[in-house]
Amino acid sequence: MEKLVVKGPTPLKGEVTISGAKNAAVAILPATLLIDGVCTIENLPNISDIKIYCTILEKLGAKITWNNEHSITIDTSNITTTKAPLDLTSKFRASYYMIGAMLSRKGEIEVGMPGGCKLGARPIDQHIKGFELLGANVTVEKGKIYAKAKKLKGCPIYMDIVSVGATINVMLSAVLAKGTTIIDNAAKEPHIVDVANFLNTMGADIRGAGTDVIKINGVEKLKGNATYSVVPDQIEAGTFMLAAVATRGDLLIKNCITKHLESITAKIIEIGGNVEDNGDSIRVWCTKRPNRATIKTLPYPGFPTDLQPQMGVVLSLANGTSTINESIWDSRFQYTEELNKMGAKITAHGKTAFFEGVKKLYGAPVYSSDLRAGAALVIAGTAAEGETEIYNLEHIDRGYENIEEKFRKIGAKIERVTE
Ligand code: EPU
């Protein structure tokens, strides 16, 4: 078993470079199934979710050449099966994008129910509603999803809930459909724009991504034959911004799009931190104990749920009592029990948690319940006095590239140890 051992407190200082966005990359990889040919993807994050996705695509018949650890050339001209490997697809959430992509490309798909972080109920009714409106037949049975369609036909689709996954999945299924699809009440996250940009680069006709109405004019074929670079990871950048504040450090975060970070920047300034926005890099520093705050997570451009646990560490150490209201997931406060082991004073009731700020956190053995909880514990361990041992690293490795190396380069005393 592996664990991370962190010795603190260390104010994080120096420069860190942000990798490609996990949640864009895990949609762009299945989107290559829409291309009857070859394309190159660059700036892929070197994380386990990407490696698993590449293996799944290879099992479907795609040929992948690794140009380096962040770039692949993929040939999807010969897709030989419509059955995705169940053991792999149930390992993570984004396997559901194969439904939209394969319905478009092959008119059929059998895939395991998606896995991913356990954050409470994660229904996919809006995905299914979208596929059915486009003309597909979808059955969910014995842990598997079967979807079939002769020729999908574009139509208006109103999303009852703002959903990242459903917006991308319906977009994937509409790209090769006959006629026009209009997704109303679409999600607006940067990775939705990135997937649309990728598809348009390959020959799709998608307009309005990044607004709440996306119009997709179906095309006959995606020609591919192009190179696309994945957008920088907004959540990884936000994780380091909050790490700078929690440890009272000074970080220059490079290779990010600061426009995507506005809700985090605003909160950091509100609690007394400092931010210098350079467009493609951002400097964050904090010299005093942060002030209390009230946070409500919301779909983009609101404060992202995927930075809620990292912000929870900052507020655990703030002056006064803070409140976080989690409006996206039912169970995203599991990390608070771990922070309490480190001396935090947090009470969570349902989707609201109260953080009575303490002056110091202390090292303790802690368990990562999900990906972002794991990142929060790394930040907490760096800010805390003494030694913190973090277990369940498979969650962190799914979504953060070389987390300990990146933290070490900015001063953290962190080691991966095999027990
Ligand atoms: N929802 C439904 N029905 C649906 C789809 C969603 O009720 O058909 C609800 C969900 O239960 C949730 C809300 O709508 O309450 C939003 O869910 P969404 O579909 O937007 O989430 P997702 O696509 O499953 C993605 C990210 C998550 C991130 C959320 C919210 C990927 C692979 N995952 O999940 O990322 O928290 O959007 O921004 O893109 C992470 O990276 O750590 C992570 C969990």
Side-chain angles (χ1 to χ4, degrees), residues 19-31 45 47-50 52-53 89 91-100 113-133 138 140 145 157-173 183 185-195 212 230-231 233-239 260 263 297-310 325-332 334-335 350-351 368-376 394-401 403:
S19 301
K22 167 183 98 80
N23 288 344
V26 293
I28 287 173
L29 286 177
I47 53 175
S48 65
D49 271 10
I50 296 301
I52 297 173
Y53 229 134
T89 51
K91 276 196 192 302
F92 64 140
R93 196 80 204 147
S95 51
Y96 55 29
Y97 291 136
M98 270 182 301
I99 310 173
M113 279 301 277
C117 292
K118 304 231 173 326
L119 308 170
R122 298 187 76 170
I124 55 164
D125 56 297
Q126 297 302 303
H127 304 233
I128 294 175
K129 169 179 145 171
F131 301 142
E132 288 180 340
L133 284 169
V138 185
V140 182
I145 306 168
I157 297 171
Y158 181 85
M159 294 287 174
D160 302 323
I161 286 175
V162 178
S163 158
V164 171
T167 302
I168 292 179
N169 228 343
V170 170
M171 203 158 80
L172 293 175
S173 59
I183 308 176
N185 201 23
K188 297 182 278 213
E189 270 67 4
H191 31 292
I192 287 166
V193 180
D194 206 43
V195 179
D212 47 20
V230 177
V231 73
D233 197 314
Q234 167 214 11
I235 302 300
E236 192 196 12
T239 299
H260 296 164
S263 63
T297 63
L298 287 169
Y300 187 82
F303 191 91
T305 173
D306 292 345
L307 288 173
Q308 190 259 94
Q310 300 88 317
N325 178 242
E326 168 61 49
S327 79
I328 312 288
W329 300 118
D330 292 335
S331 303
R332 201 151 215 181
Q334 296 165 73
Y335 73 91
K351 290 170 102 173
S368 150
S369 53
D370 59 75
L371 170 59
R372 308 303 170 185
E394 65 280 5
H395 296 298
I396 306 181
D397 294 338
R398 281 191 36 226
Y400 285 90
E401 176 171 335
I403 193 160

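Remember, it's 1-based here, ligands and their atoms both numbered in the order they're listed.
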Proximity winner for atom 2 (C) of ligand 1, if only heavy atoms of Pro123, Ala94, Pro299 are counted: Pro123
Residues in side chain to side chain contact (heavy atoms under 4.5 Å, CB included) contact with Glu394, at least two apart in sequence or another chain: Asn392
His127: numbered ligand 1 atoms lying under 4.0 Å from its heavy atoms: 8 (O)
His395 heavy atom under 4.0 Å from ligand 1: no
Side chain, backbone, both or neither: the part of Arg332 lying under 4.0 Å from ligand 1 by heavy atom: side chain
Test of proximity, Asp306 against ligand 1: N or O pairs below 3.5 Å: yes
Test of proximity, Thr305 against ligand 1: N or O pairs below 3.5 Å: no
N or O pair under 3.5 Å between Arg122 and ligand 1: yes
Atom of Pro123, atom of Arg93 and distance for their closest heavy-atom approach: O-NH2, 4.4 Å
Under-4.0 Å heavy-atom contact with ligand 1, by part of Tyr96 that carries it: side chain
Close approach of Gly399 to ligand 1, heavy atoms, under 4.0 angstrom: no
Residues Arg398 and Asp370 bridged, charged N to O under 4.0 Å: no
Sub-4.0 Å heavy-atom contact, Lys129 with ligand 1: no
Counterpart residues, ring pair (Phe, Tyr, Trp, His ring centres under 6.0 Å), relative to Tyr400 (two or more places apart): none
Residue portion contacting ligand 1 (non-hydrogen atoms closer than 4.0 Å) for Val164: both
Geometric class of the Tyr96/His127 ring pair [parallel <30°, tilted 30-60°, perpendicular >60°]: tilted
Proximity winner for atom 10 (C) of ligand 1, if only heavy atoms of Tyr300, Tyr97, Trp329 are counted: Trp329
